[in-house]
Amino acid sequence: MVGRTIVRCDLRFPTLVRHPEPEVFIDSITGLRIESLGRRGKYILFGLEHQRMLVIHLGMSGELRITEPSQEMAPHTHVTFDLDDGKQLRYRDPRRFGRLLLGTEEELLTSRTFPRLGPEPIDPLFDTTALYQRLRKRRAPLKAVLLDQSTIAGVGNIYADESLHRARLRPDRLAQTLSRKSVVRLQAALRESLELAIRNRGSSVDTYRDAWGETGNQQEELLVYGRAGEPCLNCGRPLSAIRIAGRTTVFCRRCQR
DNA sequence: TTAAATTCCTGTAAGC
DNA sequence: TGCTTACAGGAATTTA
């Protein structure tokens, strides 16, 4: 997509655009060239001309696909962008938990429009001491803190459970009680879980498909997520399921003390 | 300020 | 078989 220009935008479901107003969004984005693509946490970043940025969060069921304009419109296609090479970028999202934002980089990264995000767990410079200090301030269950994007960016329900299992930590333990040694283990576990999942191109446990419509493979290798009642791969004891921060949480009561 | 609960939304699967 | 109901979850918003 880099190098392409957006020549037309159609908001078939305008409320997915959270900033600015839909008419302004369309007017502003039309004619802009895409200069770069990036990611921050769970947000996809399109670097555009004139220091502008298009930000897309896929939510639970969002999909971005490049198609021929003549291709039949899949159900729940909410936004389309016509490109100058004749192709069309389509955003579809059955559950509509996703969102789109447009603004200057300055405006988006500093204002209330875009949430403040914690460090990237796969960043080689990810600071364990900083994480330890952040966790010490939190009286919430560790799992809840991992899901909080302002503490660590990009970790969702699947990889929170996977990381806690790898680190042999109870998800309902209060974050502030972790020793420095445990935080080092947790940090390594987060990195391993995410890097493995990236190598396997994601977990297609629900509707997830990559940009080419292909499923990932990580769902075959998940240690605990979605395996409640099944034997722990480490000790054989049936995995437990509890609810933390409104999310199903699967863990091993023997291995994660 | 922080933590927990509620809300948004549709597809899917379980239960009767 | 066909209907109803529960459940899945990211994150903004509301409540405590």
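Keep in mind that what you see is a predicted model, and the values were worked out from it rather than measured.
Comparing A/R95 and A/A144 along DNA chain B, the residue whose closest nucleotide (by nearest heavy atom) sits nearer the 5' end is A/A144. Between A/P115 and A/M60, the one whose closest nucleotide on DNA chain C sits nearer the 5' end is A/M60.
Remark: aromatic rings of A/H57 and A/Y43 are close, center separation under 6.0 Å.
For A/P141, taking side-chain heavy atoms from C-beta onward, the closest of the listed nucleotides C/dG9, B/dA4, C/dA12 is B/dA4. Side-chain atoms of A/H76 lie closest to B/dG11 of the nucleotides C/dA12, B/dG11, C/dA11. Taking only side-chain atoms of A/R139, from C-beta outward, the nucleotide of B/dG11, B/dA3, C/dG10 with the closest atom is B/dA3. Distance from the side chain of A/A140 is smallest for B/dA4 among the nucleotides B/dT10, C/dG9, B/dA4.
For the pair A/H57 and C/dA11, the criterion of a side-chain N or O lying under 4.0 Å from OP1 or OP2 is met. The phosphate of C/dG9 has neither OP1 nor OP2 within less than 4.0 Å of any side-chain N or O from A/Y208. For A/R116, no side-chain nitrogen or oxygen approaches OP1 or OP2 of C/dA12 to under 4.0 Å. For the OP1/OP2 pair of B/dT10 and a distance below 4.0 Å, the side-chain nitrogens and oxygens of A/R96 include at least one atom meeting the criterion. At B/dA3, one or more side-chain N or O atoms of A/R138 fall inside 4.0 Å of OP1 or OP2 (strictly under the cut-off). Side-chain N/O atoms of A/T248 include one lying less than 4.0 angstrom from OP1 or OP2 on C/dA8. Neither OP1 nor OP2 of B/dT1 sits under 4.0 Å from any side-chain N or O of A/K137.
A distance cut-off of 5.5 Å between ring centres, combined with a plane angle under 30°, places A/F97 in a stacking arrangement with the base of C/dG9.
One N or O donor and one acceptor, one from the side chain of A/R247 and one from the base of C/dG10, sit under 3.5 Å apart.
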A/D161 vs A/Y159, test: side-chain hydrogen bond (donor to acceptor under 3.5 Å, both in side chains). Steps then yes/no. CA-CA 5 Å; A/D161 279 7; A/Y159 304 114; over 6 Å; no
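With rounding to whole Å, A/R18 atom CZ is found 11 Å from C/dG10 atom C1'. For A/F13 and B/dC8, the CZ to C1' distance is 11 Å, given to the nearest whole Å. Per the geometry, CG belonging to A/D161 stands 9 Å off P belonging to C/dG9, to the nearest Å.
With a 4.5 Å cut-off on side-chain heavy atoms, A/T30 and A/R8 do not count as touching. Counting only heavy atoms from C-beta outward, the side chains of A/R173 and A/L178 approach each other to under 4.5 Å.
Not a single donor-acceptor pair under 3.5 Å links the side chain of A/Q187 to the backbone N or O of A/T128.
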